Amino acid sequence: MAFIGSLPFIIQTKAESSVLLHDKNLQRSRFSVFPCRSQNSFNLAVSLSLSFKPVRATGKEGVSGDGSEDTLQATIEKSKKVLALQRDLLQKIAERRKLVSSIQSSVGDHDTNKTSHEQRENSLANSDNTSTSDVNMHQQQNGPVLPSSYVHSTADEVSETASSAINRGHAKDDKELEQHASPRTAFVKNSTKQFKEMDSEKLQTDEIPSFLSNTTDISTINEENSEHSNESTSPMVDIFESDSMTEDMKPPPLAGDNVMNVILVAAECAPWSKTGGLGDVAGSLPKALARRGHRVMVVAPRYGNYVEPQDTGVRKRYKVDGQDFEVSYFQAFIDGVDFVFIDSPMFRHIGNDIYGGNRMDILKRMVLFCKAAVEVPWHVPCGGVCYGDGNLAFIANDWHTALLPVYLKAYYRDNGLMQYTRSVLVIHNIAHQGRGPSGDFSYVGLPEHYIDLFKLHDPIGGDHFNIFAPGLKVADRVVTVSHGYAWELKTSEGGWGLHNIINENHWKLQGIVNGIDAKEWNPQFDIQLTSDGYTNYSLETLDTGKPQCKTALQNELRFAIPPDVPVIGFIGRLDYQKGVDLIAEAIPWMVGQDVQLVMLGTGRQDLEEMLRQFENQHRDKVRGWVGFSVKTAHRITAGADILLMPSRFEPCGLNQLYAMMYGTIPVVHAVGGLRDTVQPFDPFNESGLGWTFDSAESHKLIHALGNCLLTYREYKKSWEGLQRRGMTPNLSWDHAAEKYEETLVAAKYQW
Ligand SMILES: Nc1ncnc2c1ncn2[C@@H]1O[C@H](COP(=O)(O)OP(=O)(O)O[C@H]2O[C@H](CO)[C@@H](O)[C@H](O)[C@H]2O)[C@@H](O)[C@H]1O
């Protein structure tokens, strides 16, 4: 009897729950189910089904007349009620969603394509003009764009419905339930509070390009930006927009039994902090993992006063080089991910100079960061509940966080703690390793016997201390960002001294190609293309949209606009890796062609100076934009015809992926991820995505670029074919996330 009674209940509840699981309003509650104590309805189903076990075990109940039948009946009744409540809840949520989307559509174009990124950009841009942004905030909260009070109450009502329904079915502490039922509500409230309390401290602005600085008044730029700010919606609106956009993009299949708690730890995370591709990955991969149903957190240092994350009130102290440092934790829940920022005077106000300071400064920062990050699952409640250590995997990135797997082992697993927690280390760039003299070991705060893990012999430098080395040895799995680079890492040229360790651990190394953030880098929705003459475009509007962006770029760069002159772009860190010097060698040839070249970058001073010189020498054909400007990077990607990437090595490379999405044809050195992702153009079969050259030499670059220019000028149909093939998305973060999931699961079951 008990069986018969319980079975349909469990089946139905699972079915109901799986519906619930798809609902973003309840995702947080659901995430807590597996590893943590949970208060959600699915857990209720589990606990109720477990409560049948004793009945089934004895087999006497129901016939003995000892009252068990009554208990059973009562339980069945109770479960029926819970089911009814769940149905009621689902229906209400569906109604609310309809309501919200009808509000959104009535708000119309005005709000579309606005993302939190735009708001951040605006708040960054306006930061020099505090009074303007204050006014904007006021307008955002009271203005006509979308009555925030309405949105606020809508969100509250949804959460209220959710929590009360669950509450009625399963008595729990009200506050706790509220937190679980609607992390989103908490975020809405927090965002509002944060907005009101936002410090007036100045934030960074994009650097003004050299060629504009003489002619453009900074105040004009700020005014322009503040206009955008007036248009921009409040964070509350953004939450709904994010959801609807994500839904439009059709979520990938759920992880099912593989669902885990995942904490990605990185020194930078876009859009809050970014010096390069690592920031992009830390900002995008977690969202894709969350879309698969994992409970996901990103941990990064808090370099500035970010708008969304708010102080959790948690304070902890960690020792670095014998000194106590207090850290606090700021948290925001965005697009299904908990973003946790660790605050300390060590990190604060570094801005974009994330890796600035001397070697010891950086080392101490990373020691503090990793020590604090490995304990985040214990200390930082997200949606009211800490992640804990069960079913947990860390994803550390590059040498900056390679100490995390080591701390996990030395402080915990060696002592019988966090036994089921795993770590994966991702190599984005092996060239940076955290090297120093052997004495640096004293700063990392590890037991003496750990010193051997850090020791590395370099044929030139001799014995030294190397932080990447122990991370690679100790991590449960190692990932790198393309298949080609995974292969190169094993060679003495590509491994940069770590190839022996990589070869010894080859069994745990895997290449997973990065994806493209379909919201950030999509010409159809790109918020950087909504002003100054730029326009959004798609495959359907490529013919008109891209030329319009090209003209807007030429205008912005103050180039002449002769018909049919190809615009060539370069975006990247100015260093040895990116092969900027190869472009320099090719410049005399390039300026002899009928082309326009724009280079955006920052990095080595000599290379920055070189960019300025190119511009001064060839004002009609070359622009050298020294600085870090996300907006300009997007606009070059959209407006250029060709993107150059002559990198000497390139673990994956993101710019070529972005370029292809925007119908911009890449010309690349076939190395690492560039070789993996840019199939060479084959004119006979009309296939391929761009041009490649097989060694990092300027004459090879010139040869490939020459063929590319010829096709641009003479073979328009082939050119269009290249553009269209590139714009057909084939590399998504959802795909990469699936691969990461396989790796995480492999790590989980590995001893
Ligand atoms: N001056 C500037 N202004 C604005 N934006 C700028 C900029 N310079 C660079 N960027 C942006 O930074 C990102 C750079 O991405 P890459 O993948 O080329 O970089 P990086 O070498 O830093 O990353 C490393 O990690 C990534 C991620 O795994 C790997 O793809 C890569 O091969 C590896 O070297 C892009 O989003 C680009 O637009």
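These numbers come from a predicted model, not from an experiment. First listed ligand is number 1; within each ligand, the first listed atom is number 1. Any value given below was found using the heavy atoms of this structure, including those in side chains, with hydrogens, waters and symmetry copies removed.
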Where ligand 1 meets [X] - atom numbers and elements under 4.0 angstrom, heavy-atom basis:
X	answer
Ser629	3 (N), 4 (C)
Asn655	18 (O), 35 (C), 37 (C), 38 (O)
Val281	27 (C), 28 (O)
Pro651	32 (O), 33 (C), 34 (O)
Gly276	12 (O), 13 (C), 14 (C), 22 (O)

> How about Trp496 and Phe468: are their ring centres within less than 6.0 Å of each other?
Replying inline: no
> How about His400 and Tyr355: are their ring centroids closer than 6.0 Å?
Replying inline: yes
> When rounded to the nearest 0.5 angstrom, what distance separates CZ in Arg635 from CG in Leu600?
Replying inline: 12.5 Å
> His432 and Asp398: side-chain donor and acceptor closer than 3.5 Å?
Replying inline: no
> For Gly627, is the nearest heavy atom under 4.0 Å from an atom of ligand 1?
Replying inline: yes
Minimum non-hydrogen distance to [atom], winning option of [options]:
atom	options	value
atom 27 (C) of ligand 1	Asn514, Thr602, Val481	Asn514
atom 18 (O) of ligand 1	Lys578, His432, Arg573, Glu268	Lys578
atom 29 (C) of ligand 1	Gly672, Gly277, Gly673, Gly653	Gly653
atom 25 (O) of ligand 1	His428, Lys274, Gln577	His428
atom 7 (C) of ligand 1	Phe628, Tyr658, Phe649, Trp625	Phe628

Kindly say whether [Y] contributes a backbone atom to a donor-acceptor pair with the side chain of [X] at under 3.5 angstrom?
X	Y	answer
Arg422	Arg477	no
Glu268	Gly279	yes
Asn503	Lys490	yes
Trp691	Leu705	no

Nearest protein heavy-atom contact for [atom]: which residue, which atom, what distance?
atom	value
atom 17 (O) of ligand 1	Leu654 N, 3.0 Å
atom 36 (O) of ligand 1	Asp280 OD2, 2.6 Å
atom 32 (O) of ligand 1	Glu650 OE2, 2.5 Å
atom 9 (C) of ligand 1	Gly572 CA, 3.8 Å

> Asp526 and Tyr534: side-chain hydrogen bond (donor to acceptor under 3.5 Å, both in side chains), yes or no, with the steps?
Replying inline: CA-CA 10 Å; Asp526 193 327; Tyr534 292 85; over 6 Å; no
> Are Arg612 and Glu615 close enough for a salt bridge, meaning some N to O gap below 4.0 Å?
Replying inline: no
